[in-house]
Amino acid sequence: MFTTRFDLSMLRFMNPVDVYVKRLSDLKTAFLDTEVVENILKRYNPPVYIVEKFQTSNEDNNLIFSSTTLFPGTVGREFYFTQGHYHMREFAEIYFCLKGKGILLLKNNDDEHVLDFEKGVVAHIPGSWGHRVVNVGKEVLVFVSIYPTNAGFDYDRLKNEGGFRTRVLTHREKGWELWTQ
Ligand SMILES: [Fe+2]
């Protein structure tokens with residue numbers, strides 16, 4: 001058993017044990033327009049999101065807490081997103097949005113769902129569904145996720161399926177729109 005503290009002004013765990021940054025270069029094949037990605041990377045390699053994990057045990061069937069800070073930004077017309085993954089084992093996950101305005105994309109083979117994901121929304125992601133968060137706002141989007149230690153990340157399955165067919169693009173009047181491949 002344990003408790004930890006989440007800093008509600010900084011929106012991060014006080015004592016993460018693992019921190020990593022996903023930069024544009026880590027996601028360059030995930031965006032629709034790889035030419036735009038290459039052009040940006042000639043100049044700089046912006047961070048797209050930061051993940052901070054709090055975990056007390058590697059043993060199966062414990063829980064990992066993590067926070068993700070997804071920056072606002074676009075590649076061409078496509079909004080920044082998290083890479084997205086399926087779990088290796090069909091364990092569910094909780095996402096709790098603490099700040100910002102976004103979209104939660106869920107995918108199970110050819111079936112895709114689009115859910116509003118903004119401050120205050122708590123989402124239950126069933127175990128068999130791949131998941132990605134897109135930031136459609138002008139500020140950072142922060143969410144906490146809680147999932148089993150042995151869920152595992154399966155990035156290859158998503159890649160082999162050609163990624164999410166649903167994309168979230170900028171729109172002059174509406175702010176954003178969905179586009180399906
Ligand atoms: Fe997950």
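Just so you know, ligand 1 is whichever comes first in the structure, and atom 1 is the first atom listed for that ligand. Quick note: numbers below take in every heavy atom, side chains included, and nothing from hydrogens, waters or symmetry partners. None of these values were measured; they are calculated from a predicted model.
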Answer yes when E161 and R157 have at least one side-chain N-carboxylate O distance shorter than 4.0 Å, and no when they do not.
-> yes
Under the ring-ring contact (aromatic ring centres under 6.0 Å, His included) rule, collect the residues that match up with W129, sequence neighbours excluded.
-> H113
Sequence-distant partners of R12, side-chain contact (heavy atoms from CB on, under 4.5 Å), two or more places apart = M10, P16, E52
Verdict with supporting geometry, E78 and D33, side-chain contact (heavy atoms from CB on, under 4.5 Å) = CA-CA 8 Å; E78 190 171 19; D33 197 334; over 6 Å; no
Could you grab the distance from atom CZ of F13 to atom CZ of R5, nearest 0.5 Å is fine?
-> 13.0 Å
Listed partners of N45 passing side-chain contact (heavy atoms from CB on, under 4.5 Å), at least two apart = R23, L24, S25, L41
Give the total of protein N/O/S atoms at a distance below 2.8 Å from the Fe ion (ligand 1).
-> 4
